[in-house]
Protein chains: 2
Amino acid sequence: MSISTSEAAIAALSALAQEHRLAAFRLLVEAGPEGLPAGTVADRLGMPPSSLSFHLAHLERAGLVAKTRLGRTLIYSARFATARGLADYLLENCCGGRSCADAAVPERLAKGA
Amino acid sequence: MSISTSEAAIAALSALAQEHRLAAFRLLVEAGPEGLPAGTVADRLGMPPSSLSFHLAHLERAGLVAKTRLGRTLIYSARFATARGLADYLLENCCGGRSCADAAVPERLAKGA
DNA sequence: TCTATATTTCCAGAATTATCGAACCATATG
DNA sequence: CATATGGTTCGATAATTCTGGAAATATAGA
């Protein structure tokens with residue numbers, strides 16, 4: 001998941017553009033590759049399981065998390081590569097390779113000078 | 001705009017998590033520091049001015065674009081620093097400093113092994 | 001098999017976001 | 001001042017997303 005199309009970028013962006021999902025994802029990042037059971041995430045975030053499930057599914061569709069069954073618990077883990085892929089996408093497509101040293105003060109356009 | 005809080009990150013993420021806004025922002029990035037008049041962006045994106053205005057305002061609130069008046073035209077330009085700030089936020093908070101070499105296959109948790 | 005646990009899916013209602021025409025504001029120019 | 005141009009704001013409607021309880025699914029264990 002290296003995020004090549006803008007659709008993929010939008011999927012990842014909107015997956016993270018939500019309070020609860022960003023919090024869940026950060027929790028999983030912190031948990032590392034071992035991941036965390038859905039229930040644990042729900043507890044730590046203090047939200048009802050059905051709501052959390054909705055958000056985790058959203059993250060999974062965007063390729064940001066992976067799901068593994070272990071007995072009767074489902075373990076979610078962060079897909080670091082996708083997060084990095086999104087960061088790379090931003091750097092390439094939204095910083096245009098330029099230095100990114102904020103210089104957004106256009107003072108002369110449509111005027112020759 | 002270095003994006004320190006998660007609120008700021010969510011604002012930037014959701015600003016870019018929309019087809020038209022991402023397209024508009026990319027256009028402004030491509031245009032460089034000189035920026036582009038709102039009307040030009042509307043033309044290139046083929047959308048009614050009021051719709052575009054709505055989206056540009058959204059990008060501006062998130063700190064992703066700057067607005068400058070030049071006569072009767074309003075020129076929008078990308079704030080590269082914010083885009084980079086978002087990329088940095090992702091790298092720091094969503095990749096956890098680790099190598100990011102996808103390793104999301106938790107096979108032993110809750111079991112000693 | 002019956003029961004308990006972990007979680008998801010379903011569904012309906014609430015909340016938020018997007019769309020776009022019409023009216024409005026600001027600036028330029030005759 | 002009158003008029004034209006570039007854009008925004010308003011407002012009503014449509015579309016999408018979020019929320020959370022109830023019912024359903026999957027697995028484990030007695």
Side-chain angles (χ1 to χ4, degrees), chain A residues 6-7 10-25 27-28 31 34-62 64-77 106-111, chain B residues 7 10-25 27-28 31 34-62 64-77 106-112:
Chain A
S6 67
E7 283 88 49
I10 289 174
L13 287 165
S14 67
L16 294 176
Q18 210 273 356
E19 186 187 351
H20 299 315
R21 282 195 297 268
L22 181 58
F25 186 70
L27 210 49
L28 293 177
E34 297 288 303
L36 288 175
T40 302
V41 178
D43 286 348
R44 298 225 195 138
L45 263 46
M47 53 169 40
S50 67
S51 294
L52 179 78
S53 192
F54 168 84
H55 290 304
L56 287 178
H58 203 314
L59 286 168
E60 195 190 11
R61 276 196 302 278
L64 283 162
V65 305
K67 173 167 66 172
T68 307
R69 180 177 286 280
L70 196 60
R72 54 191 161 190
T73 102
L74 289 174
I75 296 178
Y76 284 87
S77 53
E107 219 53 76
R108 51 223 156 342
L109 180 86
K111 299 220 89 109
Chain B
E7 283 89 50
I10 289 175
L13 287 165
S14 68
L16 294 176
Q18 211 273 357
E19 184 186 354
H20 299 314
R21 282 195 297 267
L22 181 58
F25 186 70
L27 209 52
L28 293 177
E34 297 289 302
L36 289 174
T40 302
V41 177
D43 286 349
R44 299 225 195 138
L45 263 46
M47 53 170 39
S50 66
S51 294
L52 179 78
S53 193
F54 168 84
H55 290 303
L56 287 178
H58 203 314
L59 286 168
E60 196 191 11
R61 276 197 301 278
L64 283 161
V65 304
K67 174 167 65 172
T68 309
R69 180 177 285 282
L70 198 60
R72 54 191 162 189
T73 103
L74 289 175
I75 295 177
Y76 283 86
S77 53
E107 220 52 75
R108 53 231 153 338
L109 181 84
K111 297 220 94 102

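We name chains A, B, ... by the order of the sequence lines, and we start the count at 1 in each one.
For B:Y76 and D:dG6, the shortest distance from a side-chain N or O to OP1 or OP2 is not below 4.0 Å. Close to C:dT17, at under 4.0 Å from its OP1 or OP2, lies no side-chain N or O of B:H55. Between A:S53 and C:dT8 there is a side-chain polar atom (N or O) within less than 4.0 angstrom of OP1 or OP2. Residue B:H20 places at least one side-chain N or O closer than 4.0 Å to OP1 or OP2 of C:dT19. Contact between the side-chain N/O atoms of A:R21 and the OP1/OP2 oxygens of D:dC18 is found at a separation under 4.0 Å.
A distance of 12.0 Å separates CD of B:E19 from OG of A:S14, quoted to the nearest 0.5 Å. Rounding to the nearest 0.5 Å gives a distance of 12.0 Å between CG of A:L16 and CG of B:L16.
For B:S50 against C:dG21, a side-chain N or O and a base N or O form a donor-acceptor pair under 3.5 Å.
Residue contacts shown for A:P48 are limited to sugar-phosphate atoms, with no base heavy atom under 4.0 Å away. Across all strands, B:T73 comes closer than 4.0 Å only to sugar-phosphate atoms, never to a base (heavy-atom distances).
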Does B:R21 form a side chain to side chain contact (heavy atoms under 4.5 Å, CB included) with B:F54? I'd like the steps, not just the answer. CA-CA 10 Å; B:R21 282 195 297 267; B:F54 168 84; 4.2 Å; yes

Side chain to side chain contact (heavy atoms under 4.5 Å, CB included) between B:R44 and B:L36, worked out: CA-CA 11 Å; B:R44 299 225 195 138; B:L36 289 174; 4.2 Å; yes

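Computed from coordinates, the B:R72 CZ to C:dG30 C1' distance equals 12 Å when rounded to whole Å.
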